[in-house]
Undergrad: 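What follows is a single structure, and I will ask about it in a moment.
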Amino acid sequence: MSEFVRNIRLWFTPERVRDEGGTPDYRFSLANERTFLAWLRTALALIGGGFAVDQFLPHLRWAWRVGLALALLAAGVLCSLRAVNHWVRCERAMRRGEDLPASRFPVLLSLVVAVVAVAMVVVVLAGWAG
């Protein structure tokens with residue numbers, strides 16, 4: 001079974017993470033959980049931003065409004081999925097005594113948010129109706 005599939009199975013049975021390696025210092029596990037919760041807050045903010053763009057900018061051209069809203073909503077979905085996957089990967093690495101996993105996701109998320117922000121600047125400067 002691939003490592004990715006194993007991680008996805010652990011999303012739904014997190015107690016099985018304890019089957020690997022030794023118990024890390026609780027402070028590290030709790031820090032991992034706080035990071036997970038921070039990613040979820042970020043996901044909720046992105047989803048809220050997507051709904052806000054769709055609901056509160058009715059005079060914006062349909063394509064712009066839907067495109068920006070969907071970009072934010074998709075980023076929120078990816079962020080929430082990444083949160084749980086990263087939590088599992090970090091917990092397993094700590095239990096095994098391995099280095100924590102590196103991720104390109106923060107860069108990807110930053111680029112998506114930056115592109116949406118630039119698009120919003122263009123929309124604001126060009127006027128609501130474009």
Side-chain angles (χ1 to χ4, degrees):
M1 170 176 4
S2 77
E3 202 67 16
F4 180 71
V5 172
R6 180 166 165 73
N7 285 340
I8 290 177
R9 284 186 166 190
L10 289 173
W11 293 6
F12 303 101
T13 56
E15 66 278 359
R16 297 203 60 210
V17 171
R18 295 183 181 133
D19 295 342
E20 296 188 38
T23 302
D25 186 332
Y26 289 108
R27 293 175 293 179
F28 300 130
S29 289
L30 293 172
N32 190 28
E33 185 175 336
R34 285 190 302 273
T35 302
F36 166 75
L37 294 172
W39 279 106
L40 285 183
R41 285 189 300 272
T42 302
L44 286 171
L46 289 165
I47 291 167
F51 280 116
V53 165
D54 185 52
Q55 293 299 308
F56 298 120
L57 300 176
H59 301 297
L60 188 61
R61 289 174 122 180
W62 182 85
W64 275 99
R65 190 176 77 238
V66 169
L68 293 171
L70 287 178
L72 290 169
L73 291 168
V77 168
L78 290 174
C79 193
S80 64
L81 294 174
R82 190 266 185 199
V84 69
N85 191 50
H86 189 70
W87 175 82
V88 167
R89 290 174 58 213
C90 286
E91 197 65 31
R92 289 181 71 204
M94 287 188 295
R95 291 186 152 281
R96 294 176 177 173
E98 299 172 351
D99 290 338
L100 294 179
S103 176
R104 292 186 182 107
F105 187 78
V107 172
L108 175 67
L109 182 62
S110 297
L111 291 174
V112 168
V113 170
V115 166
V116 169
V118 167
M120 289 300 295
V121 167
V122 168
V123 166
V124 168
L125 291 177
W128 295 119

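Residue numbers count from 1 along this sequence.
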Undergrad: Between Leu37 and Tyr26, is there shared hydrophobic-cluster membership here, with clusters defined by ILVMFWY side-chain heavy atoms closer than 4.5 Å?
TA: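 Different clusters.
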Undergrad: List the atom of Val112, the atom of Ala75, and the distance in Å for their closest heavy-atom pair.
TA: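 Nearest pair, atom of Val112 first, then Ala75: CG1-CB, 4.0 Å.
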Undergrad: Identify the two heavy atoms, one from Leu73 and one from Ile47, that lie closest to each other, and give their separation to 0.1 Å.
TA: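 Looking at all heavy atoms of both residues, the closest pair is CD2-O, 3.6 Å.
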Undergrad: Arg27: what forms a salt bridge (charged side-chain N to carboxylate O under 4.0 Å, His left out) with it, not counting sequence neighbours?
TA: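 Testing Arg27 for salt bridge (charged side-chain N to carboxylate O under 4.0 Å, His left out), a comparison that skips the adjacent residues, returns Asp25.
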Undergrad: Side-chain contact, heavy-atom cut-off 4.5 Å: Cys79 with Phe105?
TA: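 When only atoms from C-beta onward are counted, Phe105 and Cys79 do touch, with a gap below 4.5 Å.
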Undergrad: Nearest 0.5 angstrom please: Trp62 CH2 to Asp54 CG, how far?
TA: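 Trp62 atom CH2 to Asp54 atom CG measures 10.0 Å (nearest 0.5 Å).
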Undergrad: Rounded at 0.5 Å granularity, tell me how far CG in Leu78 sits from CG in Asn85.
TA: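 Rounded to the nearest 0.5 Å, the CG-CG separation comes to 11.5 Å.
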Undergrad: Does Arg96 CZ have over 12 foreign heavy atoms under 6.0 Å away?
TA: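 Above 12, so yes.
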Undergrad: Just wondering, do Val123 and Leu57 contact through their side chains at under 4.5 Å, heavy atoms?
TA: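 Sidechains of Val123 and Leu57: no contact.
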Undergrad: How close do Arg82 and Trp39 get, counting heavy atoms only, and between which atoms?
TA: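 So the minimum-distance heavy-atom pair works out to NH1-NE1, 3.1 Å.
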Undergrad: Would you check, one step at a time, whether the test side chain to side chain contact (heavy atoms under 4.5 Å, CB included) holds for Leu46 with Val113?
TA: CA-CA 9 Å; Leu46 289 165; Val113 170; 3.9 Å; yes
Undergrad: Show the nearest heavy-atom pair for residues Met94 and Leu100, with the distance to one decimal.
TA: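 Answer, listing the atom of Met94 first, then Leu100: CG-CD2, 3.8 Å.
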Undergrad: Membership question, hydrophobic clusters at under 4.5 Å side-chain separation (ILVMFWY): are Val122 and Met120 in the same one?
TA: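 Looking at the clustering, Val122 is in the same group as Met120.
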Undergrad: As an exercise, state the distance from OG of Ser2 to CD1 of Ile8, rounded to the nearest 0.5 Å.
TA: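 Here the interatomic distance stands at 7.5 Å.
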Undergrad: The criterion is salt bridge (charged side-chain N to carboxylate O under 4.0 Å, His left out); which residues satisfy it with Arg92, sequence neighbours excluded?
TA: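 If we apply the salt bridge (charged side-chain N to carboxylate O under 4.0 Å, His left out) test to Arg92, skipping adjacent residues, the hits are Glu3, Glu20.
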Undergrad: Before you tell me yes or no, could you show the steps for Thr35 and Trp87 under side chain to side chain contact (heavy atoms under 4.5 Å, CB included), namely the whole-Å CA-CA distance, both residues' side-chain angles and the distance that decides it to 0.1 Å?
TA: CA-CA 8 Å; Thr35 302; Trp87 175 82; over 6 Å; no
Undergrad: Of the non-hydrogen atoms in Asn32 and Cys90, which two are nearest, and what is the gap between them?
TA: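 For Asn32 versus Cys90, the nearest heavy atoms are OD1-CB, 3.4 Å.
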Undergrad: Cluster question for you: counting only ILVMFWY and a side-chain heavy-atom cut-off of under 4.5 Å, with indirect links fine, are Leu109 and Val118 together?
TA: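 Result: no, two separate clusters.
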Undergrad: Are Leu68 and Phe56 connected in the hydrophobic side-chain network, where two residues link if heavy atoms are under 4.5 Å apart?
TA: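 In one cluster: no.
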Undergrad: For a quick test of reading the model, state the closest non-hydrogen atom pair linking Trp11 to Val88 and the distance between them.
TA: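 Closest heavy-atom pair between Trp11 and Val88: CD1-CG2, 3.8 Å.
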Undergrad: Nearest 0.5 Å, please: how far is NE2 in His86 from CG in Leu81?
TA: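 Leu81 atom CG to His86 atom NE2 measures 14.5 Å (nearest 0.5 Å).
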Undergrad: Walk me through whether Val116 and Val53 qualify under side chain to side chain contact (heavy atoms under 4.5 Å, CB included).
TA: CA-CA 11 Å; Val116 169; Val53 165; over 6 Å; no
Undergrad: Starting at CZ of Arg6, measure out to CZ of Arg89 and round the result to the nearest 0.5 Å.
TA: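 Rounded to the nearest 0.5 Å, the CZ-CZ separation comes to 14.0 Å.
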Undergrad: Determine which pairs satisfy side chain to side chain donor-acceptor pair (under 3.5 Å) with at least one residue from residues 106-118, sequence neighbours left out, and list them in order.
TA: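 Pairs touching residues 106-118 that pass the test: none.
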Undergrad: Of Arg34, Arg95, Glu91, which is the lone residue that meets side chain to side chain donor-acceptor pair (under 3.5 Å) with Ser29?
TA: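 When side chain to side chain donor-acceptor pair (under 3.5 Å) is applied between Ser29 and each of Arg34, Arg95, Glu91, only Glu91 qualifies.
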Undergrad: With a cut-off of 6.0 Å (strictly less than), are more than 12 heavy atoms of other residues, nucleotides or ligands near CG of Asp99?
TA: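 Open.
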Undergrad: Do Leu72 and Val115 sit in one hydrophobic cluster, given that two such residues count as connected whenever their side-chain heavy atoms are within less than 4.5 Å of each other, even indirectly?
TA: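 No; Val115 is not reachable from Leu72 via cluster members.
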